[in-house]
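Structure first, then comments.
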2 protein chains.
Amino acid sequence: MNTDDNSAMTSLPENAVEDDLKVTIGGLQIDVLEGAFSWYIRSLDSVVSRDLDARMAHLEIARGKGKITAILLVDDYPGIRPSQIAEVLMRDRPATGRIIEGMVAAGLIRREEDPADQRAQSLFITEKGQALAQEVRAIIRAQEEEFFDFIAPEDRAQFMRMLKRAYLNMRTKCS
Amino acid sequence: MNTDDNSAMTSLPENAVEDDLKVTIGGLQIDVLEGAFSWYIRSLDSVVSRDLDARMAHLEIARGKGKITAILLVDDYPGIRPSQIAEVLMRDRPATGRIIEGMVAAGLIRREEDPADQRAQSLFITEKGQALAQEVRAIIRAQEEEFFDFIAPEDRAQFMRMLKRAYLNMRTKCS
DNA sequence: ATAAGTAAGTTGCATTTCACAACCAAAGTG
DNA sequence: CACTTTGGTTGTGAAATGCAACTTACTTAT
């Protein structure tokens, strides 16, 4: 019956309407956007990204989801290929290639020729890159704790699960 | 006890671990990002935005959250000022000003001088803009239905509420 | 085995976004 | 009447991103 001691907002009886959470900004309502998933996702993204960029600003890896993800992947999967990174990033190969190019130039990763396939490259992390990857992990963890502190502990798991499900479904939809 | 006939994934007993939802992409795990809100938010954003851009592509209002929001606000609040729009968009005034400039040039809105404050402008929708605003609303509603169809109906309200809460908290954090 | 097709990366290009700084004009405040 | 704050504009520069075209290499089919 969903009557645990969770906060009242955590559990939603399916017959309760509870649409009383009206979103207004400076007194303005936002039309259809008020009920649009896309609005909140997009707005959250811009704030989160800005915050993360600020935290990474000193890091020679600066802005963008791309480099962050790339360096972690290369660190975790020695010999990974650019095209694999592109798939994770959901970017095309030119975009990914440039990200990699920048990281090679910065001495964070190293390119080799894939012995099994002469078209492809194998990417490897350098020592410098490895150190940076560790910093990146720390920053991401810090952001998760500090920035998302407003999510009640009981809600975290659930929110995360919903995001994951949305993400996975969306990926299948795109491919 | 959370034993409704909802899908098993919908209700999360607080003592169940249920972290079995492992996210992999093409067989790759994504390091700390796997547990990071930011990853899912940013990834969702890029897909949603792309989809929305595609749906709007024919609309003289093309890409970006900015114009969409702006035209709806001007339609809903005749005489609204650019700075108010900027606050909703969480952009600075130059960015907002250029969005408005483009929309004026396209004949979607009209600028007047605010009688009460000679620095400020009052924005008004034109007929053309009004028609477009209607199209925009329809597209957003369509996207919400078609694109987010993978969210189970029982989950919608809850996911929405969590997004709203996150959004509102984040706004207070930024201001 | 050779030809056609497909996949990996690169380059060029063109578009858009976006933030910061500097600036002007008008209000409000002492 | 200074001084500060607010509303908007212009300028500039950096960066992301997506598309098209191209080269090289692998794969498949005939």
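Every chain is numbered from 1 and lettered A, B, ... according to where its sequence line falls, protein lines coming before strand lines.
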Practice item. Would you please confirm or rule out a distance under 4.0 Å between OP1 or OP2 of D:dT9 and any side-chain N or O of B:Arg98? Key: no

Check your understanding: Within the structure, does a side-chain N or O atom of A:Arg91 lie under 4.0 Å from either OP1 or OP2 of D:dT17?
Key -> yes

**Study point:** Ion pair check, A:Arg55 and A:Glu135, cut-off under 4.0 Å
**Key:** no

Revision key, fill the gap. Across all chains, not counting sequence neighbours, the side chain to side chain contact (heavy atoms under 4.5 Å, CB included) partners of B:Ala131 are none

**Study point:** Salt-bridge contact B:Arg156-B:Glu154 (side-chain N to carboxylate O under 4.0 Å)
**Key:** no

Revision key, fill the gap. Rounded to whole Å, NZ of B:Lys65 lies from C1' of D:dA16 at a distance of 17 Å

**Study point:** Spacing between A:Arg81 atom CZ and D:dC26 atom P, to the nearest angstrom
**Key:** 11 Å

Review point. So, is B:Thr96 close to the D:dG8 phosphate, meaning a side-chain N or O under 4.0 Å from OP1 or OP2?
Key: no

**Study point:** Presence of salt bridge, A:Glu60 and A:Lys128, under 4.0 angstrom
**Key:** yes

Check your understanding: Do B:Arg111 and B:Glu101 meet the salt-bridge criterion of a basic N to acidic O distance under 4.0 Å?
Key -> yes

Check your understanding: Between A:Asp76 and A:Arg137, is there a salt bridge with N-O shorter than 4.0 Å?
Key -> yes

**Study point:** For atom CZ of B:Arg50 and atom P of D:dA16, their distance in whole Å
**Key:** 15 Å

**Study point:** Interatomic distance, B:Leu123 CG vs D:dG7 C1' [rounded to whole Å]
**Key:** 12 Å

Check your understanding: Just how far, in rounded Å, is C1' of D:dT6 from CD of B:Gln84?
Key -> 13 Å

**Study point:** Whole-Å gap separating P (D:dT17) and CG (A:Asp45)
**Key:** 10 Å

**Study point:** Strand-adjacent residues in residues 100-121 of chain B, judged by heavy atoms under 4.0 Å from DNA chain C
**Key:** B:Asp117, B:Gln118, B:Arg119

Point to revise | Heavy-atom pair of closest approach, residues A:Ile61 and A:Ile68 | key: CD1-N, 4.3 Å

Review point. How close or far is atom P of D:dG7 from atom CG of B:Leu89, stated in whole angstroms?
Key: 15 Å

Check your understanding: Could you give the start and end, 5' to 3', of the contact zone on DNA chain C for chain A, using atoms under 4.0 Å from its heavy atoms?
Key -> C:dA7 to C:dA19

Practice item. Hey, which sits more toward the 5' end of DNA chain D by its nearest nucleotide, B:Ser83 or A:Asp92? Key: B:Ser83

Review point. Salt bridge or not for B:Asp155 and A:Arg165, using N-O below 4.0 Å?
Key: yes

Check your understanding: What nucleic acid atoms does A:Lys67 come within less than 4.0 Å of, heavy atoms only: base, sugar-phosphate, or nothing?
Key -> sugar-phosphate

Review point. How long is the line joining CG of B:Asp51 and P of D:dG18, in whole Å?
Key: 14 Å

Point to revise | Under 3.5 Å side-chain donor-acceptor pair for A:Arg81 and A:Ser122 | key: no

